[in-house]
Amino acid sequence: MSFPLLTATAALPAIGAIATAAVPAARRTAAKWLALLVSLATLALAIVVLVRFDPDGARYQLTESHAWIADFGVRYELGVDGIGVALLALTALLIPFIILAGWHDADPLETGSRRWRPTQGFFALILAVEAMVIISFEATDVFLFYIFFEAMLIPMYFLIGGFGDRAHAGSDEKAAAQRSYAAVKFLLYNLVGGLIMLAAVIGLYVVAGNFSLQEIAEARANGSLDMATNTERWLFLGFFFAFAVKAPLWPLHTWLPNAMGEATAPVAVLITAVVDKVGTFAMLRFCLQLFPEASKWATPAIMVLAVISIIYGALLAVGQRDIKRLVAYASISHFGFIIMGIFAMTSQGQSGATLYMVNHGISTAALMLVAGFLISRRGSRLIADYGGVQKVAPVLAGTFLIGGLATLSLPGLAPFVSEFLVLVGTFARYPAIGIIATFGIVLAALYTLVLYQRTMTGPVKPEVSAMPDLRARELLVVAPLVVLLIFLGVYPKPVTDIVNPAVKSTMSDVHKKDPKPEVEAAK
């Protein structure tokens, strides 16, 4: 039997989470180093998966299949396509930076009170989330995917509700209530979506007789499984609703600003750069592959919702006074672009959407983590409490600027390529939607540059006059992300070469071909 590489990649952070939680209370530093080493070892395994994956090979590779609950047709089936392997690598890449950035976020509260932050629990929960996200990208059994799609809500709930950001260190009961409210709202929204999906999963089993993604997709393709039109549409809606909550798509997005605003900056990155990607990934893997006709039926409505998300998220970002909530609304706008690219049903749109997932993860991590360093120094999330930071902390201001410019998709930085592909793919089928979506780019430039201007330029406020610049640990977090933003902005080919064959297969699933450009014949 070959080495179960995919299982090992998910099991290592799970075992690391248990080991980290078991570290004695007095050995907080040891727990941190253990979590970091486990995350780096997981990254090494993810690199092995990436190297062994052949973009020109079979659609699903490194597959594993074992009997699990035979009476109900449930199997332990894993496999990665180009889209899954790219997002698996993104997850494994970001977790070490998240751990380093949150190195002191769960230290004991230095307020004279007897309340302690359980350091071991904080880092164990991060590793637990990593394990569940990774196996979600690998699962090719629908029931197996559902279990971890829902299970990741539990550690995320405790991360949001139990560990507030440094602006509330030593916080009062009001701040604790706000964190609790954000955590409960996150959990309820996603649980409702998950319960609706569970009904659809059961319905899929009744119709198909098993939960194997590959078997059901093959049966749909060769005509041996013919779903009634209404049945397929209802099942599609059950799956899509859960993924749209996780994504998050307007109007199911309202949990995100609360969750990101009240969580620590590293946990906010974990939410939007890692966990939320499971929703958009699942739209490609499950909605389009299992329910191709229903996906095409729902496309016009989804495209409208996506463009509303783009404009709505950007408009609300413009009016924000809270740095972290601004980034949250900007992410809602960006997820609108991703979903628009997926359902444009063009190879450019879907390649751009997949590339956007990767690039958004890197750019949001860079911007939010630097914002977290800024907030921890000043003790405030309000934009109005800053000014002139670039004069006292130029490196911090410079990295903040690069993260912001990536957020507005400046040419030469990674998100530009993906956003351009999404818009090109959308224009090909839905020109009106594409035109409206371009206004999101203008608004992104507005909220990003205004944020930078109000926090980093102008007179130095007394409260930031003694602000230190980025320290060595913080530079170790930010510098690689900046390098990646520039590298993938100039040379995105390594990622597109991996995802394009998977996108081609997805286009084949929905029986769609790229529209031919309408060019007037030369006279």
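This is a predicted model, so every value here is computed, not measured.
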For [X] and [Y], indicate whether the former's side chain and the latter's backbone hold a donor-acceptor pair under 3.5 Å.
X    : Y    : value
K461 : A384 : yes
D469 : L396 : yes
E130 : I126 : no
K391 : G458 : yes
E419 : F337 : no
T20  : A17  : no
T346 : G425 : yes
Q390 : T457 : no
D322 : L382 : no
Y386 : S380 : yes

**OP:** Test E262 against every option in K324, R381, R325, R179 by the salt bridge (charged side-chain N to carboxylate O under 4.0 Å, His left out) rule and name the one that passes.
**Re:**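 That would be R381; it is the only one of K324, R381, R325, R179 passing the salt bridge (charged side-chain N to carboxylate O under 4.0 Å, His left out) with E262.
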If I take atom [atom1] from residue [X] and atom [atom2] from residue [Y], how far apart are they, to the nearest 0.5 angstrom?
X    : Y    : atom1 : atom2 : result
F241 : M197 : CZ    : CE    : 13.0 Å
I302 : I433 : CD1   : CD1   : 12.0 Å
T42  : I47  : OG1   : CD1   : 11.0 Å
S39  : L34  : OG    : CG    : 9.5 Å
M303 : F343 : CE    : CZ    : 9.5 Å
Y447 : L315 : OH    : CG    : 10.5 Å

Side-chain contact test, heavy atoms from C-beta onward, threshold under 4.5 Å: evaluate it for [X] versus [Y] and give yes or no.
X    : Y    : result
M368 : V267 : no
F427 : L423 : yes
W255 : L187 : no
F243 : T280 : no
S351 : V422 : no
L408 : I441 : no
I83  : F137 : no
L127 : I99  : yes

Shortest non-hydrogen contact from [X] toward [Y]:
X    : Y    : value
I310 : G440 : CG2-CA, 3.9 Å
T407 : A330 : CG2-CB, 4.4 Å
S309 : G336 : CB-CA, 4.0 Å
F148 : S136 : CB-OG, 3.8 Å
G361 : L94  : O-CD1, 3.8 Å
G352 : L421 : CA-CB, 3.6 Å

Subject >> Verdict with reasoning, V192 to V245, per side chain to side chain contact (heavy atoms under 4.5 Å, CB included) >> reply: CA-CA 9 Å; V192 170; V245 172; over 6 Å; no
**OP:** Go through the structure and list residues passing ring pair (Phe, Tyr, Trp, His ring centres under 6.0 Å) with Y430, not counting sequence neighbours.
**Re:**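 Testing Y430 for ring pair (Phe, Tyr, Trp, His ring centres under 6.0 Å), a comparison that skips the adjacent residues, returns none.
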**OP:** Check step by step if side chain to side chain contact (heavy atoms under 4.5 Å, CB included) holds for R27 and W33.
**Re:** CA-CA 10 Å; R27 305 291 301 275; W33 280 105; over 6 Å; no
Subject >> Y356 ring center within less than 6.0 Å of F416 ring center >> reply: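 No, too far apart.
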Subject >> Y312/H253 aromatic ring centres below 6.0 Å >> reply: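 That pair passes the under 6.0 Å test.
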**OP:** Would you sort out whether F186 and M156 count as a side chain to side chain contact (heavy atoms under 4.5 Å, CB included), showing the intermediate values?
**Re:** CA-CA 9 Å; F186 161 83; M156 285 306 309; 3.6 Å; yes
Original post:
Quick one: is the NZ or CZ of K246 closer than 6.0 Å to the six-membered ring centre of F149, and within 45° of its axis?
Top reply: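 Yes, K246 sits over the ring of F149.
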Original post:
Does the side chain to side chain contact (heavy atoms under 4.5 Å, CB included) test come out yes or no for L476 and F97, once each step is laid out?
Top reply: CA-CA 8 Å; L476 187 60; F97 297 125; 5.9 Å; no
**OP:** Taking atom OH of Y452 as the centre, report whether more than 12 heavy atoms of other residues, nucleotides or ligands fall under 6.0 Å from it.
**Re:**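 Correct, the count exceeds 12.
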Original post:
Quick check: are there more than 12 heavy atoms from other residues, nucleotides or ligands sitting under 6.0 Å from CZ of R378?
Top reply: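 Check passes, neighbour count above 12.
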Original post:
Are any of the side-chain nitrogens in E474 or R377 under 4.0 Å away from the carboxylate oxygens of its partner?
Top reply: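 Yes, this pair counts.
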